[in-house]
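Chain letters run A, B, ... following the sequence lines, proteins first and then strands; every chain starts at 1.
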Number of protein chains: 2
Amino acid sequence: MRRSGLRAKVPAPTVARLPVYHRALVDYERRGLQTIASAELAAATGVNAATLRRDLSHLGSWGTRGTGYEVRHLLTQVDRALGIDKESPIVVVGVGNLGRALARSGNFSARGLRVAALLDVDPEIVGTEVAGVPVEHVDALERVVRREGAVIAVLATPAEVAQSLADRLAGAGVRAILNLAPVVLHAAPSVRLGTVDLAAELQVLAFYGTRDRHRARRAVVSPGDAAAGR
Amino acid sequence: MRRSGLRAKVPAPTVARLPVYHRALVDYERRGLQTIASAELAAATGVNAATLRRDLSHLGSWGTRGTGYEVRHLLTQVDRALGIDKESPIVVVGVGNLGRALARSGNFSARGLRVAALLDVDPEIVGTEVAGVPVEHVDALERVVRREGAVIAVLATPAEVAQSLADRLAGAGVRAILNLAPVVLHAAPSVRLGTVDLAAELQVLAFYGTRDRHRARRAVVSPGDAAAGR
DNA sequence: ATATGTGAATCAATTCACAGCT
DNA sequence: AGCTGTGAATTGATTCACATAT
């Protein structure tokens with residue numbers, strides 16, 4: 001397709017696979033590989049080689065026929081597509097077990113993400129620090145979002161309050177919300193909603209695991225399906 | 001389609017939506033609703049009404065024309081499809097922040113899930129209890145899996161050890177693994193692999209959030225996409 | 001009158017297969 | 001000789017629209 005610099009319209013499934021490619025490429029670079037063929041990268045990421053090539057072509061990427069892709073160059077392109085160059089500050093709302101786990105998650109900065117602020121209501125928690133980030137009261141949500149220039153928020157609250165907090169986040173200018181609460185949220189179409197419900201994931205696995213041995217396909221799965229647009 | 005009792009072959013996207021329907025139906029039942037029309041349930045779950053009806057038809061469900069679906073009956077069918085009747089014991093490997101969060105997650109039993117065992121290597125953690133479940137040493141993995149009759153496991157370990165633990169889990173007879181480590185796992189096709197990588201989800205949101213205001217679609221997302229077979 | 005269940009149409013992504021480049 | 005990039009074929013899910021049931 002060869003879009004000049006910014007791609008036009010990358011299919012959602014492709015976007016969902018980009019972080020996987022990113023990880024694999026970082027790995028190859030670390031191991032000193034110069035070039036990589038689509039077939040090899042495809043095997044490492046569990047993706048069909050033709051699919052991988054088409055994915056890359058959506059980014060306007062360029063491989064060398066007969067040789068493959070230059071690892072470093074390709075990584076740069078994937079990074080740029082994912083916006084890893086400019087770090088995204090994240091606001092985490094709800095500092096329970098899950099929110100805490102997120103805040104402490106180590107491998108964020110390597111992925112262009114930074115937990116910039118933590119919010120909660122519990123007076124026991126507000127005022128403490130988690131992973132060096134102070135927990136502020138959720139009353140200050142709008143102020144904190146603007147202060148940090150946060151475009152992305154994570155909702156790790158009880159389901160009951162998730163919708164109203166999502167509304168407030170949207171109002172404060174957040175552009176995307178990752179909802180970890182087990183509830184279906186509704187938002188204006190200008191706000192991108194992703195949901196990860198671990199219990200639901202397990203229920204899905206239970207469907208396949210419990211039941212008779214279907215033709216159990218699927219060795220590898222791309223993440224981001226939940227956040228990627230339909 | 002009307003399969004007698006066991007469905008033949010439910011599309012993966014349908015399976016991924018079942019937990020969402022389940023939650024909505026529990027809610028309707030709690031509120032005393034007798035019947036529900038596909039249009040209403042669809043609105044609540046953010047799914048197209050025709051899609052919802054086709055999903056239900058895959059379960060061999062039966063609504064009443066002119067009236068809708070009986071809430072209690074439909075819930076029973078969804079429960080049965082998801083295997084919520086028989087509780088699934090889960091083994092959680094890796095009791096770090098994320099594993100701990102999972103173990104403490106309240107809403108599991110209502111979903112047919114039970115954290116039956118916790119495993120870790122850290123001598124500081126082994127021997128302690130989390131949410132009433134003792135943390136055992138990962139050396140005992142095979143024994144614990146058999147003792148609990150666990151069919152599903154969660155991998156919440158560092159990425160480096162995830163593959164070898166997945167191999168051991170598969171060897172021990174686990175049928176499905178939810179991988180929370182940021183790494184692509186490979187397994188025999190008899191083992192169902194799902195991956196949830198929160199950082200990757202955020203990267204995907206960053207792709208859309210950072211970038212220009214695409215035709216930002218997607219108000220609601222079904223979970224389980226990662227675990228559902230493609 | 002109203003809402004289901006489903007053929008048929010549509011839309012989108014995956015995959016094949018090969019022409020074209022190095 | 002080898003591997004990319006991509007038209008064309010395929011596969012699969014979503015959605016429309018309506019005949020069918022209550």
Query raised in the report: Is there a residue in residues 63-71 of chain A whose heavy atoms reach under 4.0 Å of DNA chain D, and which residues are they?
Result: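 Under 4.0 Å from DNA chain D: A:G63, A:T64, A:R65, A:G66, A:T67, A:G68, A:Y69.
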Report task. May I ask you to list the residues of residues 28-43 of chain A, by number, that have any heavy atom positioned under 4.0 Å from an atom of DNA chain D? Result -> A:A37, A:S38
Query raised in the report: Would A:D27 and A:R31 pass as an ion pair if we require N to O under 4.0 Å?
Result: yes
Query raised in the report: Do B:D197 and A:R111 meet the salt-bridge criterion of a basic N to acidic O distance under 4.0 Å?
Result: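 Salt bridge between A:R111 and B:D197, a charged N being under 4.0 Å from a carboxylate O: yes.
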Query - Heavy-atom closest pair, residues B:P89 and B:G149 - result: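 Shortest heavy-atom contact: CG-O, 3.7 Å.
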**Report entry** Distance-minimising heavy-atom pair for B:H73 and B:W62
**Finding:**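 Closest pair (atom of B:H73, atom of B:W62, distance): CD2-O, 4.2 Å.
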Query raised in the report: Quick one: does B:L155's side chain get under 4.5 Å of B:L178's, heavy atoms only?
Result: no
Query raised in the report: Does some side-chain heavy atom of A:L113 sit less than 4.5 Å from a side-chain heavy atom of B:Q203?
Result: yes
Report summary line: One should read off an interatomic distance between B:N97 CG and A:L98 CG, to the nearest 0.5 angstrom, of 10.0 Å
Query - Donor-acceptor pair between B:N107 and B:S105 side chains, under 3.5 angstrom - result: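 Their side chains do contain a donor-acceptor pair, which is all the 3.5 Å distance test asks for.
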From [atom1] of [X] over to [atom2] of [N], roughly how many Å is that when rounded to an integer?
X: A:H58; N: C:dT15; atom1: NE2; atom2: C1'; value: 13 Å
X: A:L74; N: D:dC3; atom1: CG; atom2: P; value: 16 Å
X: B:R17; N: D:dG12; atom1: CZ; atom2: P; value: 16 Å

Query raised in the report: Can you check whether B:V47's main-chain N or O pairs, donor with acceptor, with B:T51's side chain at less than 3.5 Å?
Result: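 Looks like no, no N/O pair under 3.5 Å.
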Query raised in the report: Between the main-chain N or O of B:R72 and the side-chain N or O of B:T76, is there a donor-acceptor pair closer than 3.5 Å?
Result: yes
Report task. Can you sort out which residues in residues 48-56 of chain A have a heavy atom within less than 4.0 Å of DNA chain C? Ascending by number, please. Result -> A:N48, A:A50, A:T51, A:R53, A:R54
